[in-house]
Amino acid sequence: MPWAGYPKMLRMTRRSEFDAAFESPHKAKDPVLQLHARLNGLGRPRLGIVVGRKVRTAPARNRIKRLIREAFRLNREKLASGWDYLFLPRKTEKLTLAEVAASLVKLAQKAVPPAEEPPKP
RNA sequence: CAGGGUGGGCGGACGGCCGCUUCCCGAAGAGUCCGUCCCCGCUCCGCGGGGGUCCGGCCUGAGGGGGGAGGAAAGUCCGAGCUCCACAGGGCAGGGUGGUCGCUAACGGCGACCGGGGCGCUCCCGCGAGGGACGCUUCAGGGAAAGUGCCACAGAAAAUACACCGCCGACCUCGGGGGCGACUCCGGGGGGCAAGGGUGAAAAGGUGGGGUAAGAGCCCACCGCCGUCCUGGUGACAGGGCGGGCAUGGCAAACCCCACCCGGAGAAAGGCCAAAUAAGACGGCGUUUGAGGUCGGCCCGGCCGAGCCGUCGGGUAGGCCGUUGGAGGCGGCAGGCAACUGCCGUCCCAGUUUAAUGGCCGUCACCGCAGGUCCGAAGGGAUCUGCGGGACAGAACUCGGCUUACAGCCCAUCCGCACGU
RNA sequence: GCGGCUGUAGCUCAACGGCAGAGCGCCACGUUGCCAACGUGGAUACUGCGGGUUCAAGCCCCGCCAGUCGCU
């Protein structure tokens, strides 16, 4: 069983990090999610989530974030290290973990060019 | 019985796997950062350099243990604590509250009481107007004889009352008739009246009688109202006696008046550390004859006070504290109608910051629908199987309320043998 | 966290507390061979929602909802 934790070092926490990810050219989207990916030079992947006020209530926003976090956590093996992954939800109602996970993996592979994957330190 | 009303409570449980956050313990490890220890130098406080890693702290951390959303955490509508503004002073302006008494840290909250309004196949009294009892319900409920303003349309008239239809023909007068005459009859005018009609949300007390030409508080009785005194009550008020023929329409959630309350800003408060630009340019005001500040406006007084304001240009926007033990929860006893309070015992119960408290699965319980079986006279109930469902909503300094949202369940009480079956 | 403003016909806006209106748009008819323009007539609103005050509320008061703009 691979270690599937989600500590703070795997999260994006700065305003500047989010702004940089939005400026990145590596983008992909499908009906469920939208992804902005960016090289972070840290040798590990990091996750950022933005759920707008369009989703009215706080519990609904939390639900979306939790599902995306869970999908990220369980599928980290399939993601390229050294990248920041900023996700935005496009579908906001009746989400399931399975569809979020499928979308997340697919978009990550689509947005990140395999050649640019940095060597492990 | 179903189904409702009112008040109160709960807001799924258990297990498996994988995670998040915080606190504590901590095998072991590393750096040589700080303290400490040793040596050396300098002008003996101290400072600088070198070294050791025994001890303490910091750092990393296998593993173990404890805690981890709500009744509304929400809206931000009130009230406080707390922090800063030197103290939080006076007046104006502004805002808020509004029956009384109490509770409270405080409140626009809560409790009890008082007083209005509305409703009743209800009851009692009265010829009647109406009064009383009971039950339910509702009220932002100070002041309208300080002032100002408004009251559309309709209507004759809307607050100095008034006279369209109408009623009267006592008094004055004109015309006509009858009678010898005293006088009398008819019609009109001046005039008298406000009972009836009609309008309106509202028509200037009401009912019954007397009275009159007709009428009218004109007079009387009762009901209502006003004034005054007495009694009871802390009080709002209540009850009673006496007096007055009745004045005082409504609106203050219109301006306003009265009483009481309110200094401002808010944890992005505020404090500390680190990092970074620059001692930037131009313009204006000012240094004891005082700029500016004292986070809403004006004035006065007091205080601080040498810088302040505008435009352009540039830099940083990271960490720690505040930050969770409190008007605190639970239980018992006592006081009070109650809100609530006192005493004793006991418990420690989130502390995040792109923001934790979760994800998936299973079992049970719950609810709805469909079908079967059983019980009952029936409405229904019990049980089994299958399918579906699980609300409103996420702490962000902390409390007390208010308001709003909410699947389903439980308890108490009331309506309901029926106008649902 | 603190504060302001707005909500009325399909759209943009009016309305001393007294019967909710204007412009554009829409519909019908006329005009034209047809269309546009023009002319005539007409429809369209539980004034965001729920209460209250008042004889009477779009307007006054209270509570919600939605939108929008600021400050730090």
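The sequence lines fix the lettering, A, B, ..., with proteins before strands; numbering per chain opens at 1. Not measured: the values here are computed from a predicted model. Keep in mind that the numbers below use all heavy atoms, side chains included, and drop hydrogens, waters and symmetry copies.
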Could you measure between the two [atom1] atoms, the one in [N] and the one in [M], and give it in whole Å?
N      : M      : atom1 : value
B:A194 : B:A161 : P     : 15 Å
C:A9   : B:G198 : C1'   : 41 Å
B:U352 : C:G48  : C1'   : 38 Å
B:G192 : B:A216 : C1'   : 12 Å

Could you state the [atom1]-[atom2] distance from [X] to [N], rounded to the nearest angstrom?
X     : N      : atom1 : atom2 : value
A:R73 : B:C20  : CZ    : C1'   : 9 Å
A:L74 : B:C361 : CG    : C1'   : 14 Å
A:R11 : B:U352 : CZ    : P     : 13 Å
A:R66 : B:U21  : CZ    : P     : 14 Å
A:R69 : B:G358 : CZ    : P     : 11 Å
A:I49 : B:C20  : CD1   : P     : 15 Å
A:K65 : B:C20  : NZ    : P     : 18 Å
A:F18 : B:A355 : CZ    : C1'   : 11 Å

Syn or anti: how is [N] classified when any glycosidic angle within 90° of 0 counts as syn?
N      : answer
B:G71  : syn
B:A339 : anti
B:U324 : syn

Atom pairs and distances, donor-acceptor, side-chain atoms in residues 55-68 of chain A, under 3.5 Å, two or more places apart:
{"from": "A:R61", "atom 1": "NH1", "to": "A:V55", "atom 2": "O", "distance (Å)": "2.8"}
{"from": "A:R61", "atom 1": "NH1", "to": "A:R56", "atom 2": "O", "distance (Å)": "3.0"}

With the side chain counted from C-beta on, respond yes when A:R44 and A:L10 share a heavy-atom pair under 4.5 Å apart, and no when they do not.
->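 Result yes, sub-4.5 Å side-chain heavy-atom pair found.
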Decide yes or no for A:H36 and A:L88: does some side-chain heavy atom of the first lie under 4.5 Å from some side-chain heavy atom of the second?
-> yes
Does [N] have a Watson-Crick or wobble mate here (both distances under 3.5 Å), and if so which one?
N      : value
B:C282 : B:G310
B:U316 : none
B:C392 : B:G70
B:A382 : B:U373

Sorted by first residue and then second, give each side chain to side chain donor-acceptor pair (under 3.5 Å) pair with at least one member in residues 92-104 of chain A; sequence neighbours left out.
->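 Sorted result for residues 92-104 of chain A: A:D30-A:S103, A:K91-A:E99.
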Looking at RNA chain B, which of residues 56-64 of chain A put a heavy atom within less than 4.0 Å of it?
->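 Contacting residues: A:T57, A:A58, A:P59, A:N62, A:R63.
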Return the 5'-most residue of the pair A:V50, A:L95 with respect to RNA chain B, ranking by each residue's nearest nucleotide.
-> A:V50
Mapping A:T13 and A:L67 to their closest nucleotides on RNA chain B, which lands nearer the 5' end?
->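 Final value for this comparison: A:T13.
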Dot-bracket for RNA chain C, please, read 5' to 3', with Watson-Crick or G-U wobble pairs under 3.5 Å on both distances, ( ) within the strand, [ ] crossing, | other strand, . unpaired.
-> (((((((..((((....[..)))).(((((.......))))).....(((((..]....)))))))))))).
Which heavy atom of A:G48 sits nearest a heavy atom of A:M12, and at what distance?
->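 What the structure gives for the nearest pair is N-SD, 3.6 Å.
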May I have the step-by-step check of side-chain contact (heavy atoms from CB on, under 4.5 Å) for A:L35 and A:L33, ending in yes or no?
-> CA-CA 7 Å; A:L35 169 65; A:L33 294 174; over 6 Å; no
Just jot down the side chain to side chain donor-acceptor pair (under 3.5 Å) partners of A:K110, sequence neighbours excluded, or say none.
->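 For A:K110 there are no side chain to side chain donor-acceptor pair (under 3.5 Å) partners, ignoring immediate neighbours.
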Among all residues two or more places apart in sequence or in another chain, which pass the side chain to side chain donor-acceptor pair (under 3.5 Å) test with A:N75?
->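 With sequence neighbours excluded, A:N75 shows a side chain to side chain donor-acceptor pair (under 3.5 Å) to A:K78, given in chain and number order.
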